[in-house]
Each structure stands twice: as structure tokens, then as C-alpha cells.
Amino acid sequence: MQVSVETTQGLERRLTITVPSDTVDSAVKSRLQQLAKTQRINGFRPGKVPVSVIKKRFGQAVRQEVAGDVMQQNFYQAVIQEKIQPAGMPKFELTKDEDGQDLEFTASFEVYPEVEVKGVSDIEIEKPVVEITDEDLDNMMETLQEQHATWKEVKRKAKKDDKVIIDFVGSIDGEEFEGGKAEDFALELGKDRMIPGFEKPLVGAKAGEEVTIEVTFPEDYHAENLKGKDAVFQATVKKVEGLDLPKVDEEFAKLFGVEEGGVDALKAEVRKNMQRELDQTLKAQVKEDVISKLVDANEIDIPQALIDQEVNALREQAKQRFSQQGGGQNLPDLPAELFTDNAKRRVSIGLLLGEVIKENELKADEAKVNEMIETAASAYEDPQEVVDYYNNNQELMQQMQNVALEEQAIEWVLEQAKVTEVTKAFDEVMNKQA
């Protein structure tokens with residue numbers, strides 16, 4: 001086998017491979033002999049058909065089949081011999097294919113780029129330092145109360161976050177319009193679910209009061225006949241309801257599965273969950289910062305084949321999400337352009353982190369893998385069951401090892417980068433994540 005390598009442009013390569021004629025001819029002859037043993041042709045006993053007859057009838061098809069196999073086999077031998085790393089499947093083209101002559105073909109493909117991670121020591125990273133305070137815990141307890149609150153009628157003026165029950169009739173130029181009338185309509189103040197300006201006159205109103213509401217429908221309103229129109233609503237407040245928060249006691253604690261220890265045990269569990277979510281959020285934010293700055297500092301040439309593969313993966317994930325939401329079964333392929341930018345970034349990240357792992361000979365740390373599994377399991381009712389599931393599932397374990405290896409690569413970058421610790425409040429970090 002003779003091989004010549006040509007760089008066509010960028011990451012594209014073209015191999016011209018010549019395979020000796022006797023290699024191809026002997027393979028064709030062997031396959032024809034096998035056919036002679038199995039083919040049934042009138043005038044010949046089974047297994048006694050002359051090879052010359054088989055060749056006349058099947059020779060061209062057999063040679064094409066052999067040529068395909070020869071190209072595949074010799075291509076992989078050639079890239080190993082030339083120490084080339086293809087980034088996608090090759091495109092084959094037969095250039096010479098005749099009996100008794102050397103077979104020649106070309107294979108065109110892209111290769112992985114040579115990646116050199118630069119500028120790591122110049123990367124500047126802010127690492128938030130956050131302490132969960134008693135005030136943060138109190139705020140979270142109030143949030144839990146609000147989540148389990150019930151509406152209760154109140155004899156006072158309506159305020160933000162209250163619910164008002166109203167009847168209303170809308171008119172434009174003195175004429176009622178279709179869809180502008182409702183009875184016993186429940187409206188939570190402060191949610192901005194109505195057209196702009198509708199809620200404001202209702203704040204401060206009491207049950208039994210009539211309120212005039214003047215609004216202008218937005219230009220992009222869904223009803224064509226109402227776009228940009230001035231309207232007046234006459235509303236009657238029938239009831240004002242406020243949130244009735246449950247008392248934080250042992251019964252409240254039991255709502256969250258805390259059967260013993262009462263409020264103190266509930267607070268301890270809530271703080272523990274807050275800390276776990278905070279740790280995950282901080283890690284995710286720092287990781288994203290590291291990755292973004294690593295990508296910005298290292299522009300690399302990305303093979304189109306890898307981008308196409310990632311686009312297909314992202315498209316498939318999108319289809320699965322739609323399917324889980326009750327659609328997607330008959331969803332056409334979404335345009336590649338929707339995923340291209342994200343695909344390029346993901347491929348770039350993979351190549352850069354892969355180079356960090358390779359250059360530093362990083363191996364997945366077993367203790368880190370176990371810690372990650374235990375952290376993930378801690379959110380479930382029976383953590384040990386989750387741990388056992390991972391330990392007995394090789395594919396899941398491999399995925400977790402890959403995640404651990406990626407985190408180790410991120411940690412290596414952090415060790416080289418300029419890291420500044422910045423004190424931040426719990427809400428500031430968590431609201432940013434949201």
C-alpha cells in the first residue's frame with residue numbers, strides 16, 4: 001500500500017492510496033469461489049458452477065463490493081501509518097479500478113486541530129465567598145410558608161400580593177366590546193397579568209367599591225380590533241383576599257417530612273438544602289466563568305464534521321424535550337442554524353478541556369467520583385439506593401467519571417489562573433442563577 005497525504009485547505013486532508021493489484025484480485029477471486037459453492041445456475045450441479053461463469057455473471061458487482069471493503073480497510077491502516085486523527089467519516093472516490101492493475105482511491109476528510117492551551121495564567125476569575133446567615137434562613141422559611149399559604153378574606157384595602165375578586169365591564173368610545181366583560185374574576189395584584197395599567201387603580205380599593213380603570217391596549221395586543229385602543233373598565237370589587245401563612249410549628253415541619261425534632265430539625269434540614277444548592281450554584285458559576293474565559297483566550301479551528309455531529313446531538317435533545325412535553329412525535333427537523341453557535345462552543349470547550357486532560361495526564365479521581373455520586377444521591381429519599389444504582393450501572397458510572405475528569409480540568413485551570421475571592425450575599429448569588 002502506498003499513501004500520499006495532501007492538505008487541501010485548513011483542516012481538510014486528502015489521502016491518495018494505492019493498493020497492489022494482487023491484493024484486490026485475490027480478494028475478488030476468493031469471493032467468486034465462495035459464490036460458486038452457493039449459487040444455483042441452470043445446467044450446473046449445486047457447488048459445481050465454474051468460477052468463469054460466476055465471474056461473467058457477478059464479477060462486476062463482486063469487484064465493487066471488494067473495492068468498498070478494500071477502501072475502508074486500507075484507509076484505517078493509512079491513517080494509523082501516517083498518524084492522522086480523522087474528525088469525521090471520509091468521502092471515498094475510486095480513481096483507478098481495473099482487473100490486473102493497482103487499485104487507487106482518494107479519501108477526503110477533516111482532522112482534529114492541533115490544540116495548544118494558552119493564556120491560562122492570565123485568566124482572571126472572581127470566586128464568590130458566601131455564608132448563609134440566619135436572615136437568609138428566615139427568608140427561606142418565609143418562602144416555605146408562602147408556598148403553603150391559603151387565601152383568606154380580609155376587611156381592609158387591597159395591597160400588592162393580595163387577590164381581588166371583581167366584576168368588570170370594558171368599553172371603547174362608550175361601547176362595550178367583545179371579551180371585555182367578566183364576573184367573579186380573581187386577580188392577584190402585582191403579577192402584571194393584565195394589560196398595563198389595569199391593576200394600579202385596584203390597589204387601595206376595598207370590597208364594595210366601584211373603580212374606574214382607564215387603559216390603552218398595547219400595539220402588539222393579540223386582538224386586532226383592540227390594538228392601540230383606549231378603553232375604560234368599570235370594576236366592582238366584591239372581595240379582597242390576603243395570604244394566610246401557616247404557623248411554623250411541628251405540624252408545619254411534618255409537611256416537609258420532618259417527623260421528629262420539630263421546627264429546629266426543619267430549620268437544620270432547610271439550611272442543609274440551602275448549602276447544597278449554594279455549593280452547586282457557586283461551582284456552576286465559577287465553572288462557566290472559567291470555560292468562557294478559556295474559550296475567549298484560545299481561538300481554535302473547529303472541524304465542520306464535529307460541529308455537524310454536535311448540531312445533530314442538540315437537535316435530538318430538543319426533539320426529546322418536545323416529546324416529553326407532549327409534542328415532538330411529528331416534529332420536523334429543526335434548522336441547524338438554531339444550534340450552530342451552541343454546537344461550536346461545545347466542541348471548542350471539549351477540545352480545550354480534552355487538551356488540558358491530555359497534557360496533564362489527568363485521570364478520574366475515584367474519591368471525587370464517589371463524592372459526586374453521594375452529593376447527587378443526598379437529594380433523594382433513599383440515598384444509598386441511588387449510590388448502589390450508580391455502582392451497578394457501568395454506563396452511568398462512566399458518565400460520572402467523565403464529569404469528574406472535566407471538573408478536574410477546570411480545577412487545574414483555576415490553579416493556574418488569577419483567582420480573587422469576592423464576598424457576596426446568598427440572595428445575590430442565587431438570584432443570579434435564577
Side-chain angles (χ1 to χ4, degrees), residues 112-133 135-137 139-140 271-302 306-307 310 313-314 339-376 378-379 399-434:
Y112 279 87
E114 292 184 8
V115 179
E116 182 181 355
V117 181
K118 301 177 182 178
V120 177
S121 60
D122 295 325
I123 291 176
E124 297 181 358
I125 301 294
E126 279 194 358
K127 189 175 183 180
V129 178
V130 184
E131 180 184 353
I132 298 175
T133 66
E135 184 180 356
D136 295 325
L137 179 59
N139 290 338
M140 184 59 69
R271 184 183 284 272
K272 178 182 173 183
N273 291 338
M274 289 172 68
Q275 188 66 56
R276 183 178 64 246
E277 291 179 13
L278 174 63
D279 291 343
Q280 292 173 347
T281 299
L282 291 176
K283 181 184 288 186
Q285 289 181 3
V286 171
K287 177 180 178 180
E288 180 58 31
D289 196 18
V290 169
I291 286 174
S292 293
K293 290 175 179 175
L294 187 65
V295 170
D296 290 343
N298 292 272
E299 186 175 345
I300 55 179
D301 198 3
I302 306 175
L306 295 185
I307 296 173
E310 194 64 34
L314 291 171
F339 308 100
T340 301
D341 288 344
N342 192 17
K344 285 181 180 178
R345 187 172 188 273
R346 285 168 61 122
V347 172
S348 183
I349 292 168
L351 292 172
L352 288 168
L353 292 181
E355 185 63 19
V356 169
I357 292 167
K358 174 186 170 185
E359 284 298 308
N360 294 281
E361 298 181 349
L362 301 179
K363 305 293 181 185
D365 182 83
E366 186 175 346
K368 187 176 188 66
V369 173
N370 291 335
E371 180 186 348
M372 291 172 62
I373 292 174
E374 288 170 3
T375 299
S378 66
Q399 290 175 5
M400 192 61 81
Q401 288 170 347
N402 291 340
V403 173
L405 197 52
E406 183 180 278
E407 289 200 1
Q408 288 169 233
I410 297 291
E411 290 167 3
W412 180 88
V413 175
L414 273 173
E415 290 171 3
Q416 316 305 314
K418 298 173 182 176
V419 180
T420 304
E421 291 190 345
V422 180
T423 302
K424 292 191 176 183
F426 177 81
D427 282 347
E428 182 184 0
V429 172
M430 300 306 289
N431 289 339
K432 179 181 177 182
Q433 180 73 5

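Only a predicted model underlies this, so the values are computations on that prediction, with no experimental measurement involved.
Residue-environment remark: CD (E131) stays at or below the threshold of 12 foreign heavy atoms within 6.0 Å. With a 6.0 Å radius and a threshold of 12 heavy atoms from other residues, nucleotides or ligands, K368 has its NZ atom above the threshold. A 6.0 Å sphere centred on NZ of K293 holds more than 12 heavy atoms belonging to other residues, nucleotides or ligands.
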Test side-chain contact (heavy atoms from CB on, under 4.5 Å) on W412 and I357 and set out the steps.
CA-CA 9 Å; W412 180 88; I357 292 167; over 6 Å; no
Where do M430 and L278 land on the side-chain contact (heavy atoms from CB on, under 4.5 Å) test, with the steps shown first?
CA-CA 7 Å; M430 300 306 289; L278 174 63; 4.2 Å; yes
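Q399 places none of its side-chain heavy atoms less than 4.5 Å from the side chain of V403. The shortest side-chain heavy-atom distance between T420 and E124 does not fall under the 4.5 Å cut-off. Contact of the P128 side chain with the V286 side chain is registered, since non-hydrogen atoms from C-beta on lie closer than 4.5 Å. Residues E299 and K118 fail the side-chain proximity criterion, which asks for heavy atoms closer than 4.5 Å. Here the side chains of I125 and K418 are not in contact, with every heavy-atom distance at 4.5 Å or above. In this structure, V413 and Q416 have side chains that are not in contact, with every pair of non-hydrogen atoms separated by 4.5 Å or more. T133 is not listed as a side-chain neighbour of F426, based on a closest heavy-atom distance of 4.5 Å or more. Side-chain atoms of Q280 and T375, non-hydrogen and from C-beta on, do get closer than 4.5 Å to each other.
Between atom CD of residue E406 and atom CG of residue L362 there is a gap of 12.0 Å, rounded to the nearest 0.5 Å. Interatomic distance, E310 CD to R346 CZ, rounded to the nearest 0.5 Å: 4.5 Å. The CG atom of N431 lies 10.5 Å from the OG1 atom of T281; values are rounded to the nearest 0.5 Å. For the atom pair CG (D341) and CG (L314), the distance works out to 11.0 Å, reported to the nearest 0.5 Å. N360 contributes atom CG, which lies 9.0 Å from atom CD of E355 (distance to the nearest 0.5 angstrom). Note: D427 CG to D136 CG = 5.5 Å, rounded to the nearest 0.5 Å.
Between A343 and I307, the shortest heavy-atom contact is CB-O, 3.9 Å. S348 and I302 get closest at one heavy-atom pair: CB-CD1, 4.0 Å. Between L137 and R271, the shortest heavy-atom contact is CD2-NH2, 3.8 Å. The heavy-atom pair separating L352 from I300 by the smallest distance is CG-CD1, 4.4 Å.
Evaluated for a side chain to side chain contact (heavy atoms under 4.5 Å, CB included) with L294, the options I410, L353, I349 yield exactly one hit, L353.
Counting only distance, with no hydrogens or angles, the side chain of Q408 and the backbone of K363 share a donor-acceptor pair below 3.5 Å.
Comment: E288 engages R345 in a salt bridge, judged by a side-chain N to carboxylate O separation of less than 4.0 angstrom. E407 has no carboxylate O lying under 4.0 Å from a charged side-chain N of K287, or vice versa, which leaves the two without a salt bridge. Under a 4.0 Å N-O distance rule, the pair E421/K127 does not qualify as a salt bridge.
Inspection of the Q285 and D289 side chains reveals no N or O donor paired with an N or O acceptor under 3.5 Å.
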